[in-house]
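Keep in mind that the numbers below use all heavy atoms, side chains included, and drop hydrogens, waters and symmetry copies.
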Amino acid sequence: MLSERRRTVLAALVNEYVTSIQPVGSKVLVERYGLGFSPATVRSELQALEETGHVFQPHVSSGRVPTDAGYRVFVNDVVGPVPGGLASVEAEGVRHYYESVDHELGDILRETSALLSRLTSYVAVVAAPTLQRARIRRVTLVSLGPRRASVVVVTDSGQVANRTIDFDSDTTPEALASVESYLCRTLDGALSSEATTVRRAVEGVPGHEAGIALRAMDEVLDCLAEADEDRVMTGGVSALLAHPEFADPGVVRPLVGLLEDGLSMLRVLSEVMRTPEVEVRIGHENPVSALERASFVAARYGEGDRGGVVGIIGPTRMDYRRAIAAVRTVSDSLSEVLDS
């Protein structure tokens, strides 16, 4: 456990390094942060912090830079109890946006990823609620021609998925309406697993409309499964290149690859669903090597299986106060939208 004085010096060093991106010396800390300690005391504390692995010195004559362990102490002991991070007008703007939003959930989540990226200048990632746990609220069949129709599935979490069906023979709008009525009655409130049971019951039933129902239900199940595997949205990927830590292609390429791999990113995000508070993972604390040079700040939104995750990814030299405040404000506001 670091002493109060040592934590004060470390907090000042982290704040300065986040701003300057330059190794920080004791003279700068004394002059800019009013620590109330002599330069000799600050030098002694920096040496002690280096010995405990909380800072390191890139070169013999340079100042110090925080390590992952140093950032962890800063996040736990400094950021946690200190309010702020977003200006009150910014936080109010976020809440007002969600109070006035009137879109489908998919559109809201895409706009959320863009909003988080703008607030933090980092990459934003948003995971939609799992459709495997969502309940079907409505199935709509829309004729697109004699042998083609669109099937639209709406879930209780507000998500919408749709697919196109091609039939082997002509199908009338009346037959589609009859099948739609049947599907709405039998699938209302059903989970994906329960919809599979309903489909089995239709198998073997003779008649043209039963055949339409089977084709429609196959597409319902397929689009639910497909949407469930592709429910991670990202915003501001180009923001990575604005940070010098990601100027090296060897560093940024694995991270971009992870962001483009929805299933791998989903596994990273899903672990956040187990924690009720904002989760902060710094550098090597992250479970995948692509994030070893990055920090990941995320929080869940919504209740239980109807919820998802919002988060940001940026350099370990992150403005943690602002990042945590932005993620928490967006998460809370999004939860209120889903509960209303």
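- Residues Ser335 and Gly302 approach most closely at OG-N, 2.8 Å, considering heavy atoms.
- One distance of note links OG1 of Thr171 with CD of Glu209; it measures 10.0 Å at 0.5 Å rounding.
- Heavy-atom minimum distance, Arg281 versus Pro287: NH1-CD, 3.8 Å.
- If you check the side chains of Arg199 and Thr196, you find no donor sitting under 3.5 Å from an acceptor.
- More than 12 heavy atoms of other residues, nucleotides or ligands lie within 6.0 Å of CD in Glu194, so this atom counts as buried by the packing criterion.
- Judged as a salt bridge (Lys or Arg N to Asp or Glu O under 4.0 Å), the pairs with a partner in residues 170-190 (not counting sequence neighbours) are, in order, Arg137-Asp188, Arg138-Glu180, Arg147-Asp170.
- Judged as a ring pair (Phe, Tyr, Trp, His ring centres under 6.0 Å), the pairs with a partner in residues 234-266 (not counting sequence neighbours) are, in order, Tyr122-His243.
- The one candidate from Met318, Arg72, Glu285 that meets the side-chain contact (heavy atoms from CB on, under 4.5 Å) condition with Val280 is Arg72.
- Between the side chains of Glu336 and Tyr98, no donor-acceptor pair is found at a separation under 3.5 Å.
- With rounding to the nearest 0.5 angstrom, the CG atom of Leu46 is 6.0 Å from the CG atom of Leu29.
- Looking only at atom types and distance, the side chain of Tyr301 has no donor-acceptor partner in the side chain of Thr112 under 3.5 Å away.
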Val330 vs Tyr97, test: side chain to side chain contact (heavy atoms under 4.5 Å, CB included). Steps then yes/no. CA-CA 10 Å; Val330 168; Tyr97 164 74; over 6 Å; no
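- Across all non-hydrogen atoms, the minimal contact from Ala216 to Val151 is O-CG2, 4.5 Å.
- Ile108 places a side-chain heavy atom less than 4.5 Å from the side chain of Leu334.
- The distance from atom CD of Glu292 to atom OG of Ser289, rounded to the nearest 0.5 Å, is 5.5 Å.
- To the nearest 0.5 angstrom, Leu144 atom CG is 9.0 Å from Leu176 atom CG.
- Between Leu49 and Leu2 the shortest side-chain heavy-atom distance falls below 4.5 Å.
- Counting heavy atoms from C-beta outward, His54 and Phe74 have side chains that stay 4.5 Å or more apart.
- Phe167 and Val142 are members of different hydrophobic clusters when ILVMFWY side chains are connected at heavy-atom separations under 4.5 Å.
- Screening Val14, Ile282, Val297 for a side-chain contact (heavy atoms from CB on, under 4.5 Å) with Val75, the sole residue that qualifies is Ile282.
- Summarising the geometry of Thr120 relative to Ala326, their closest heavy-atom pair is CG2-CB, 3.7 Å, with the distance given to 0.1 Å.
- Considering every non-hydrogen atom in both Ile313 and Ala294, the closest pair reads CG2-CB, 4.0 Å.
- In this structure, the separation between OG on Ser143 and CD1 on Ile165 is 11.0 Å, given to the nearest 0.5 Å.
- Clustering ILVMFWY residues whenever any of their side-chain heavy atoms sit less than 4.5 angstrom apart, transitively, puts Leu183 in a cluster other than the one holding Val205.
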Where do Arg95 and Glu92 land on the salt bridge (charged side-chain N to carboxylate O under 4.0 Å, His left out) test, with the steps shown first? CA-CA 5 Å; Arg95 288 188 286 269; Glu92 186 59 33; 3.4 Å; yes
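- The two atoms that bring Ala124 and Ser113 nearest to each other are CB-O, 3.0 Å, heavy atoms only.
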May I have the step-by-step check of side chain to side chain contact (heavy atoms under 4.5 Å, CB included) for Leu119 and Ile312, ending in yes or no? CA-CA 10 Å; Leu119 284 171; Ile312 56 169; over 6 Å; no
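- Taking CG of Leu116 as the reference point, atom OG1 of Thr234 lies at 12.0 Å (rounded to 0.5 Å).
- The stretch residues 200-224 participates, sequence neighbours left out, in no ring pair (Phe, Tyr, Trp, His ring centres under 6.0 Å) pair at all.
- No side-chain heavy atom of Ser264 sits under 4.5 Å from any side-chain heavy atom of Val288.
- The only member of Arg64, Lys27, Arg32 that meets salt bridge (Lys or Arg N to Asp or Glu O under 4.0 Å) when paired with Glu16 is Arg32.
- Annotation: side-chain contact (heavy atoms from CB on, under 4.5 Å) contacts of Glu4 (sequence neighbours excluded): Arg7, Thr8.
- Sorted by first and then second residue, the salt bridge (Lys or Arg N to Asp or Glu O under 4.0 Å) pairs with a member in residues 238-265 read Glu245-Arg317; sequence neighbours excluded.
- With sequence neighbours excluded, the residues that form a side-chain contact (heavy atoms from CB on, under 4.5 Å) with Thr41 are Arg5, Phe37, Ser38, Glu45.
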